[in-house]
Amino acid sequence: MTAPASDITAILLAGWRPVPDPLAVAAGVEAKPLAPVGGEPMINRPARALLSHPAIGRVIVLTQAPELFAADPATAWIAGHPKVRFETSGGGIASSLVALLDRGDLPFPMLMTTADHVLLDGAMLDQMVREASGTDIAVAMVERGTLLARYPGSRRTWLKFRDGWWSGANIFWFGSVKARSVIALWREVEQDRKKGWKILSAFGPLALLGAVLRISTLRGGIARVGRRFGLVARLVAMDKAEACIDADKPDDVVLIEKILAQ
């Protein structure tokens with residue numbers, strides 16, 4: 001079930017929230033992915049990482065306004081690349097993905113990441129493809145010890161489980177059409193956040209109890225939720241600390257530019 005070379009569809013999320021983003025405002029650009037990091041729009045680096053990886057055959061950029069990237073001289077190369085296709089996003093990420101899936105325009109397997117994942121590189125993609133292949137869905141995370149060993153001053157949001165403290169790495173894997181059920185559930189949460197408790201309950205009483213009491217391991221919890229949906233789900237614990245450092249706040253940009261300068 002390993003993905004053949006050049007057969008993976010990469011989804012690059014390049015949208016923005018309806019509220020003003022501080023990085024975009026400070027840079028005087030209309031959209032966060034166009035805000036500069038390391039001397040160029042932040043979207044350029046993850047786009048190059050995806051396009052240069054031998055296992056990725058196509059890149060779909062999902063955004064509210066594709067014309068912004070074509071009009072900007074610094075990002076026009078993405079719009080003109082033969083392996084890139086822009087798609088206009090709808091009311092949410094999951095809703096847009098479901099719409100594309102129902103249209104038959106998203107071949108599996110898929111790897112999804114974000115335009116603010118400026119430090120994304122070939123080693124991270126290698127690990128994700130290697131460890132996620134054979135699953136229906138996988139999520140990349142970084143354990144706190146991995147990050148603090150290299151960047152002790154970095155501050156992240158951590159989820160505490162019995163097998164460690166984890167932070168998201170903004171890399172997701174959808175290996176087969178079976179993943180659609182989880183994406184559809186995600187869409188329900190997007191559409192009505194008041195149903196969040198009900199949605200969580202749908203994963204089963206053990207998952208619900210584990211979430212409340214935090215007694216589950218994250219690895220086991222993800223696998224168990226997968227079985228609940230009749231699919232294979234896996235946590236990919238990223239080796240590189242940089243996998244969970246994205247350009248979300250001004251402090252993040254300072255750290256990222258320091259890392260790039262090295």
Side-chain angles (χ1 to χ4, degrees), residues 10-50 52 61-65 68-69 72 74-75 78 89 92-93 111-128 139-161 163-172 189-190 193 214 218 235-262:
I11 309 294
L12 183 56
L13 302 177
W16 52 92
R17 300 182 183 94
V19 296
D21 180 87
L23 296 180
V25 171
V29 295
E30 189 169 346
K32 178 187 172 182
L34 295 173
V37 178
E40 63 179 327
M42 67 173 67
I43 189 176
N44 279 2
R45 293 180 188 273
R48 280 198 298 267
L50 293 171
S52 63
V61 180
L62 194 57
T63 180
Q64 294 101 315
L68 293 179
F69 301 89
D72 191 313
T75 56
I78 303 176
S89 58
I93 298 168
L111 183 150
M112 186 171 74
T113 190
T114 57
D116 61 4
H117 204 327
V118 181
L119 297 176
L120 183 72
D121 63 14
M124 295 178 200
L125 293 171
D126 285 344
Q127 182 184 0
M128 191 67 183
V139 57
M141 306 282 283
V142 173
E143 207 284 318
R144 184 170 63 172
T146 301
L147 178 70
L148 297 185
R150 277 194 58 80
Y151 306 105
S154 180
R155 302 180 66 179
R156 302 285 108 191
T157 299
W158 301 102
L159 298 174
K160 183 182 179 182
F161 289 85
D163 54 349
W165 297 65
W166 299 91
S167 186
N170 281 355
I171 312 174
F172 306 89
V189 176
E190 278 187 337
R193 296 183 185 275
R214 294 183 177 180
L218 184 58
L235 165 71
V236 177
M238 300 300 289
D239 296 331
K240 296 191 69 172
E242 294 84 358
C244 70
I245 301 174
D246 53 14
D248 199 39
K249 304 180 295 295
D251 287 349
D252 298 326
V253 174
V254 171
L255 176 58
I256 288 169
E257 291 184 332
K258 187 180 297 184
I259 294 170
L260 293 175
Q262 294 170 356

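Values below: all heavy atoms of this structure, side chains included; hydrogens, waters and symmetry mates excluded.
Remark: of the listed residues Val61, Ile43, Leu68, Ile43 is the sole one forming a side chain to side chain contact (heavy atoms under 4.5 Å, CB included) with Thr75. Paired with Tyr151 under the rule side chain to side chain contact (heavy atoms under 4.5 Å, CB included), one option of Lys258, Glu242, Arg156 passes, and it is Glu242. Remark: of the listed residues Ile11, Leu125, Leu50, Leu50 is the sole one forming a side chain to side chain contact (heavy atoms under 4.5 Å, CB included) with Thr113.
Asp252 places a side-chain N or O within 3.5 Å of a backbone atom of Lys249 that can act as its donor or acceptor partner. Judged by distance alone, the side chain of His117 and the main-chain N or O of Ala169 form a donor-acceptor pair under 3.5 Å. The backbone N or O of Gly38 lies less than 3.5 Å from a partner atom in the side chain of Arg45, making a donor-acceptor pair. In this structure, Asp163 contributes its side chain and Leu218 its backbone to a donor-acceptor pair below 3.5 Å.
Side-chain contact between Trp165 and Glu143 is present, with at least one heavy-atom pair separated by less than 4.5 Å. Counting only heavy atoms from C-beta outward, the side chains of Ser167 and Leu147 never approach each other to under 4.5 Å.
Here the CD1-CG distance, from Ile256 to Asp246, works out to 6.5 Å after rounding to the nearest 0.5 Å. Between Thr114 atom OG1 and Lys32 atom NZ the span is 7.5 Å, to the nearest 0.5 Å. Interatomic distance, Leu260 CG to Leu255 CG, rounded to the nearest 0.5 Å: 9.5 Å. Here the CG atom belonging to Leu34 is positioned 8.0 Å from the OG1 atom belonging to Thr63, to the nearest 0.5 angstrom. Here CZ of Arg48 is found 12.5 Å from CG of Asp121. Values are rounded to the nearest 0.5 Å. Atom CG of Leu120 sits about 5.5 Å away from atom CD1 of Ile171, to the nearest 0.5 Å.
For the pair Asp251 and Arg155, the salt-bridge criterion is not met [side-chain N within less than 4.0 Å of a carboxylate O].
Minimum interatomic distance between Ala74 and Asn44 (heavy atoms only, all atoms of both residues): O-ND2, 3.1 Å.
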